[in-house]
Structures are given as structure tokens and as C-alpha cells.
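Numbers restart at 1 for each chain; the letters A, B, ... are given by sequence-line order, proteins then strands.
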Amino acid sequence: MAGEIVAEMVANVLMVVAVEGATLETGDTVMILESMKMEIPVLTEHPGTLRELRVREGDVVQEGDILAIVG
Amino acid sequence: MTVTKAETKAETSAVGAAAPKPAKLPRELDPRNPVERLGAFFDADSLELISNDDTSGMLAAVGRVNGAPAVAFCSDATVMGGAMGDEGCKVVVHAYERAVRDSVPIVGLWHSGGARLAEGVLSLHAVGQIFHAMTLASGRIPQISVVLGPAAGGAAYGPALTDVVILGPEGRIFVTGPDVVRSVTGEDVDMLRLGGPEPHGRRSGVVHVLADSEAHALHEAGRLVSLLGDQGVLDDSTVEDIDLAGSLPESMRRAYDVHPLVADLLDDDSGLELHGRWAPNITTTLGRLGGRTVGVIANNPLRLGGCLDSLSAEKAARFVRMCDAFGVPLVVIVDVPGYLPGVGQEWDGVVRRGAKLLHAFSEATVPRVTLVTRKAYGGAYIAMNSRSLGATRVFAWPGAEVAVMGAIAAVRILHRRRLAEVPVDVRTSVEAELAVEHERIAGGVERAVDIGVVDEVIEPTKSRSALAGAISAALRTPAIRGQHNNIPL
């Protein structure tokens, strides 16, 4: 769905970088996940406002989980 | 026979080809005018029709693209929505005969509802003959498809049989149109969701290049004709060295987007990425290095950490086979943590699809040079054009890890009991000590050089010239080509 940022793989939420209400440009980092012993930035594909963060640092996310909503 | 049912239904459903209405515009003013489309594709004043300009639904022409000769055919969507009958299909088959005879690329501009219903099985037979001609030409001449409007049934499978598919903004590819889907399954879906840029660019992998206008689509087709049909000569002296590591983060653990590295590796603005949105954890790009066409395969750590998985292996395998068939040398940029683990991947056939990449590299006869930038672990190390699969030359940057797995992960398995016995507060430091020792014995790039799986450690600032030099030394005249077709894996 448009605006939803979805986890591509099982991962730990290492760090949430952006705050709710922030204005984001394409390619901005929303959070950093940890998986396969790597720190993987989650970037926005479209500009918009960060409406909602669905996860917190330390959470374990599954493939397909919604991480944040940008609209 | 899925195709038979599909094409019969598609004609009525996709573009209303079964009930043609008089064109609202004179053909000369109609944006679907095939003569205009072919004229826009070829270099100015180079077009020469090789078919009759009649109501067959297809036109074919020869001409030049960026100076190089090519053959092209185009659906005539002003006649019955571009539906294909016996005569129109023969135009395509003849165009293929001409392109194979002249050994030049062929480009198909598609805008067609599929087979002509009124002609019955005759039209199905004719469409099948196009498929046959395409398959016989596969791997012999580059085949590029540009889908500019709806392409249903046979008009969907035609492009799918070719090497590269470009989708214009109005392009829609599907076996059966929305009306048939609705009547058969009750599913309410429109053409965009069924076969537009999103589903085919990101999900199905049918489309290699998404264009934002018809002119852009034709331009990209022209670039592909040049890259595959006019590959140029590698001139080492023109390859300037720059720091290819400039776009990488300092931390080895931090993921990054590999696209800037690929762009820096290739000559300025020469790269054309295929399947950019599908299986994005690996990138496949045609471009030029020292003026010569090369194919670049690179893990992209930003997506899935750069892991290989079932789709990325299949995507890369098809790219390797296409490049090999047309004599395009390969550069393989490796930064891979392994195969993506999990039940989803196993059930998705990561073993079967991963085997395609092993097969594709192993059979490839073109020069193929590997550069390990940060790490190459486990089975994914083998799959990314390793020495064991026959790599022409393998380079690595200083500090790169070539191993079964990361050193810490390895010592946790190898020294599980010993680590369990040490106090928790010193376990991390003991792990680190063991990891250093493990790297000395089993891992590290020096060990890889010792046993001959890495030929040379090179600096990022010398990599462009090293890669170009290795390819140049392995090139032969005429170019070595794999003696196989390019089945759409």
C-alpha cells in the first residue's frame, strides 16, 4: 500500500532515526535494522510526512511487517 | 493449452479488438501510427519499410540506431487494436529472418490485443510461428521489446521471449484482460494493477526497464541496440582511475547502496540497469568500460543486506547468460553475507534457482572478472563468479573477507564449549582473540591469495584500470560468445 514502509526481512530494530511528524525526502533514513550481522538503513521511497512509527528500538520485525507510514 | 485460451479471450477483453470501431483520428494524426513510431525509433531519415503498409496489423522496417543497423517491427494499433492475424505475424517472422540474416539487433514495438479472433486457429498458429522464430533467434541476435500499449495474450508472450523488455507508461502486459478475469474469477482488477509498471517492474520480473514516456522508452531501446549490437573496442588508455570505495561507509557492518559504485566503475553516464526494481538485492547493469560494452553484476547491501536469494540468483543467471550469448564481458562486484536463510526461501526454491546462477557462471565463456570489495561468505562466495566456477581473474580490496562465514560466527561454532566455560564478562574479548586466530588460519584475504582463489589484492583507487586490464587481456577477436540461447529463466 502507498505510504507503508515494510520490512524486507527478519531483523532487529537497531535504531529509529526519524521522529513522527518529520518531513522526509526520498532516500532519507527512517531507521536502521540489524540482520545478517549488518546494519541496514531503511530509506523512504517517496517524500512525505512520517505519520506513524509502528516499531521501537529492540523490536524484532518479520518480513512484511509495517515499520512506518509516510504520507 | 493456456496460450490458446488466453489469446482468444484477450482479444475481446484487452482492447476491444473483436469489435473494431472506426478510428476517430486520421491515421497520420493518431499517436499509435506505427510509421510514426518506427520513424521516432530509428535515426532520422534512415527508415526503410520492409513490409507493405496495409491492414495486416504489423509493419516492419530496417534502419539505423545511433548509426548502427537494426530491424524493427511495430504493431499497428490503428487497425483492430493491433490484433495479430496471419498476415501480420508473417511480417514479424520475415523481420526476424532479415535480422538473423544480417546479424543485427531486432526491436519489437508492441501495442496489440493478441491474436485476431475472427481468424480462429489460423491466427493462433501464426502467433506461434512468431514465438518459434524468436526462440530460434535467441542468443544469436539481440532482441528488444518495447511495450507501448496493452499487450495481451500472444502480444504478452512475444516480448517475454526476448532478451530485454521495456515498458512505456501506457504499456500493460497480461495474459487475460480485466473483463475476462472478472467474468471467470469475479476478481475486480484494472489493467494498471494487472499488468502495469508496478506489477511487472517490481513483482513479476517481466519488465527490465520502466520508461516514463514513449520517447524515453524508444530512447532506451536505442541505447540497448548500441550496447548489445555495437559493443565497441576496449581502450585501456582511456580508463581513468578513481577511488571506487568513495561511496562506501567506513563501518564494514553498515549497508550501503551499490549504485554509485557501479556508476563510478563504468564510463560516464553509460550504465543502463536492467530489472532495477525487481530482486533489488542484486544489480545487473549494461554499460561501457574503456569504451567497450560490459555487463556488471553487483550485490546491493542496501537491500536484504545484499544476500543472494532465489529471485536475485535467477535474475543474475539470466543476465549472465544474455551477456555470454552476445560476447559481453562481465564484471562481478561482490559484497555478499551469504544466502538469505529461512523457510520462505527454501520453499521458494532457492536451491533450484540458486543452481541457475552456478550453472550460468560455470558455462560462461566471455571474460569475467570478479572484485570482492568487503566480504564473500559461504555458498554465496562460490556463486558470485568465484575462481572455482572459472573466473578469468579474481581481485579483492585490502581487508576483504573471503570465508565460509564471518570470523566471530565461525568461532562461536568451532569453540562453542570453550566459550561456554569462560565468564560472561570476558566472553566478548575471548571471542575476538579467537576470531583473530581463526582469520589467520582459515579466513582473510591473504589466505585466499595463498590458496589461489584470489589472484591479487588491489587498491580501490586502482580498480578500474585493473578490471579493464584483466578483461582486455582475455578478449579475443572475434569476441568469444557462449554457444547457447537466452531462455527467459
Side-chain angles (χ1 to χ4, degrees), chain A residues 1-20 22-71, chain B residues 192-193 198 201-203 248-260 276-281 299-312 335-345 347-348 350 374-375 377-378 380 401 403 405-412 431 435:
Chain A
M1 297 297 286
E4 292 178 350
I5 298 179
V6 176
E8 290 187 333
M9 63 197 302
V10 179
N12 299 310
V13 179
L14 186 69
M15 188 189 303
V16 176
V17 178
V19 295
E20 286 184 359
T23 302
L24 300 173
E25 301 297 326
T26 301
D28 280 354
T29 303
V30 179
M31 64 187 70
I32 296 171
L33 302 181
E34 185 179 41
S35 189
M36 297 298 289
K37 300 181 179 61
M38 294 182 67
E39 298 165 4
I40 306 171
V42 175
L43 312 180
T44 52
E45 289 195 13
H46 306 285
T49 303
L50 182 57
R51 301 280 177 205
E52 189 181 346
L53 281 165
R54 291 275 182 96
V55 296
R56 289 185 296 185
E57 289 177 11
D59 285 355
V60 175
V61 296
Q62 304 295 318
E63 180 186 345
D65 284 358
I66 297 171
L67 304 174
I69 295 176
V70 177
Chain B
L192 187 66
R193 182 167 151 73
E198 170 68 20
R202 198 186 294 265
R203 297 176 187 278
L248 268 60
E250 284 188 19
S251 168
M252 289 279 280
R253 285 171 53 85
R254 179 58 65 93
Y256 60 92
D257 183 10
V258 81
H259 288 96
R277 294 190 192 175
W278 182 60
N281 41 324
N299 308 113
N300 189 10
L302 187 63
R303 309 301 295 269
L304 294 178
C307 285
L308 279 181
D309 64 353
S310 57
L311 292 185
S312 59
D335 185 359
V336 65
Y339 275 98
L340 188 65
V343 68
Q345 280 299 305
W347 289 17
D348 207 25
V350 68
R374 298 207 306 187
K375 61 186 175 300
Y377 290 155
E401 293 183 20
M405 61 180 71
I408 295 286
V411 299
R412 282 177 182 165
E431 275 182 358

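- Distance CD1/A:Ile5 to CG/A:Leu67: 7.5 Å, rounded to 0.5 Å.
- A salt bridge links B:Arg412 with B:Glu431: the distance from a Lys NZ or Arg NE/NH1/NH2 to an Asp or Glu carboxylate oxygen falls below 4.0 Å.
- Most heavy-atom pairs under 4.5 Å with chain A, from the set B:Pro337, B:Gly342, B:Gly344: that is B:Pro337.
- For the set A:Ile40, A:Ile32, A:Val42, the entry with the most heavy-atom pairs within less than 4.5 Å of chain B is A:Ile40.
- Judged by distance alone, with hydrogens and angles left aside, the side-chain atoms of B:Asn300 form a donor-acceptor pair with the main-chain N or O of B:Val258 at under 3.5 Å.
- Against chain B, no residue from residues 10-20 of chain A qualifies, as none has a non-hydrogen atom under 4.5 angstrom away.
- Annotation: salt bridge (Lys or Arg N to Asp or Glu O under 4.0 Å) contacts of B:Arg277 (sequence neighbours excluded): none.
- Considering only heavy atoms from C-beta on, A:Met36 stays 4.5 Å or farther from B:Tyr377 through its side chain.
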Enumerate donor-acceptor pairs with a distance under 3.5 Å from any side-chain N or O in residues 302-312 of chain B to protein atoms, sequence neighbours excluded.
residue  : atom : partner  : partner atom : Å
B:Arg303 : NE   : A:Glu8   : OE1          : 3.4
B:Arg303 : NE   : A:Glu8   : OE2          : 2.8
B:Arg303 : NH2  : A:Glu8   : OE2          : 2.4
B:Asp309 : OD1  : B:Asn281 : ND2          : 3.1
B:Asp309 : OD1  : B:Ser312 : N            : 3.0
B:Asp309 : OD1  : B:Ser312 : OG           : 2.6
B:Ser310 : OG   : B:Asp348 : OD2          : 2.9
B:Ser312 : OG   : B:Asn281 : ND2          : 3.4
B:Ser312 : OG   : B:Asp309 : N            : 2.9
B:Ser312 : OG   : B:Asp309 : O            : 3.2

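- Inter-residue side-chain proximity for B:Arg202 and B:Pro280 is flagged as unmet; no heavy-atom pair is nearer than 4.5 Å.
- For A:Leu33, no part sits under 4.5 Å from any heavy atom of chain B, backbone or side chain.
- Heavy-atom distances place both the backbone and the side chain of B:Pro301 under 4.5 Å from chain A.
- Between the side chain of B:Asp335 and the backbone N or O of B:Asn299, no donor-acceptor pair lies under 3.5 Å.
- A side chain to side chain contact (heavy atoms under 4.5 Å, CB included) with A:Leu24 is found for exactly one of A:Val70, A:Leu43, A:Thr49, namely A:Val70.
- Taking non-hydrogen atoms and a 4.5 Å limit, the residue list of residues 50-66 of chain A in contact with chain B is empty.
- Within 6.0 Å of CZ in B:Arg253 there are more than 12 heavy atoms belonging to other residues, nucleotides or ligands.
- In this structure the side chain of A:Met38 reaches within 4.5 angstrom of the side chain of B:Lys375, judged on heavy atoms.
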